[in-house]
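I have placed the structure first, in the form of structure tokens, so that the comments after it can refer back to it.
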Amino acid sequence: MSDQSLAGKRAIITGASSGVGMATAELFASKGMTVGLVARREDVLSDLADRLGDAAHYAVADISDDVQVAAAVEKLSVAMGGIDIAVNSAGMDGPAPLEDLTPEVWRRQIDVNLSGTFYVMREVALRMKKAGNGGVIVNLGSELSLVGMGWFSHYCASKFGVVGLTKALAHELAPDIRVNCVCPGPIDTPMMDSELAWFPDPEETRKGAIERVPLKRFAQPIEVAQAILFFATDATYATGSIFSLDGGTTAV
């Protein structure tokens with residue numbers, strides 16, 4: 001789609017305070033869209049909204065809390081006059097060997113990555129259906145939505161679940177609402193830095209991780225944001241699609 005045809009589209013983006021979510025918000029705003037920003041850090045959201053200008057609105061919410069999600073989506077829907085696009089970028093990761101994978105650690109990962117994605121999808125899709133103008137939902141999966149990895153069983157379970165949720169609701173919400181999932185490989189974000197810090201030698205761990213990627217580098221957040229934009233706007237015949245954007249990590 002041309003930038004002109006995107007002007008005025010209304011998009012909610014979770015995880016907008018950093019990484020892919022922030023890059024997506026910036027990209028969408030640059031195309032003339034109105035953006036509703038959701039994250040837990042009000043100071044960052046406020047600064048981002050100020051930087052993006054009058055077309056940006058924000059709501060503070062922990063997406064693992066369905067009540068907070070409902071309030072945030074309602075606030076932004078009213079502020080923007082509706083919702084055309086939703087991007088579920090909020091998430092968390094971090095390794096946990098089985099000995100450290102307590103029920104609390106397990107539940108937090110599932111609550112944020114899987115349940116949080118569902119809560120947003122439900123609130124957004126119900127409003128899209130009621131408005132009757134269609135809509136698009138783009139979820140953020142992971143390379144670990146498609147393959148397993150030791151020490152990440154809780155993360156894999158949550159992200160495999162996002163793929164299943166994407167496919168099921170794509171079928172249920174068709175033909176009016178499209179639902180797709182972008183599955184990135186390693187991305188150069190603050191969340192990646194936090195993950196690497198868990199290991200004794202973060203720099204060596206980073207080098208090893210890059211070496212395992214056929215393209216020999218991490219993705220930049222804007223590269224993932226561009227794929228999200230494609231599914232949100234141009235991929236008009238795609239629903240239930242699971243798109244690998246991982247530098248080839250799941251190809252070998």
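A quick note: this is a predicted structure, and the numbers were derived from the prediction, not measured. In what follows, every heavy atom counts, from backbone to side chain, and hydrogens, waters and symmetry copies are set aside.
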Q. Has Arg122 got more than 12 heavy atoms of other residues, nucleotides or ligands less than 6.0 Å from its CZ?
A. no
Q. Per the side-chain contact (heavy atoms from CB on, under 4.5 Å) rule, which among Leu52, Thr34, Val87 passes with Phe28?
A. Val87
Q. Is Thr239 reaching over with its side chain to a backbone N or O of Val179, donor-acceptor style, under 3.5 angstrom?
A. yes
Q | Cys183 side chain reached by Ile242 side chain, heavy atoms, under 4.5 Å | A | yes
Q) With distance as the sole test, does Ser64 use its side chain to make a donor-acceptor pair with the main-chain N or O of Asp111 at under 3.5 Å? A) no
Q | Side chain to side chain, Cys181 and Lys167, heavy atoms closer than 4.5 Å | A | no
Q: Could you tell me whether a side-chain N or O of Asp176 sits under 3.5 Å from a main-chain N or O of Asn133, the two making a donor and an acceptor?
A: no
Q) Between Asn180 and Ala238, is there a donor-acceptor pair closer than 3.5 Å when you use the side chain of the first and the backbone of the second? A) yes
**Q.** Gln220, CD atom: more than 12 neighbouring heavy atoms under 6.0 Å
**A.** yes
Q. Would the number of heavy atoms belonging to other residues, nucleotides or ligands and lying under 6.0 Å from NZ of Lys130 be above 12?
A. no
(Q) Tell me whether Arg206 contacts the main-chain N or O of Leu196 through its side chain, where contact means a donor paired with an acceptor under 3.5 Å. (A) no
Q) Can any side-chain N or O of Ser158 pair as donor or acceptor with the backbone N or O of Tyr155 at less than 3.5 Å? A) yes
**Q.** CG/Asp100: more than 12 non-hydrogen atoms of other groups inside 6.0 Å
**A.** yes
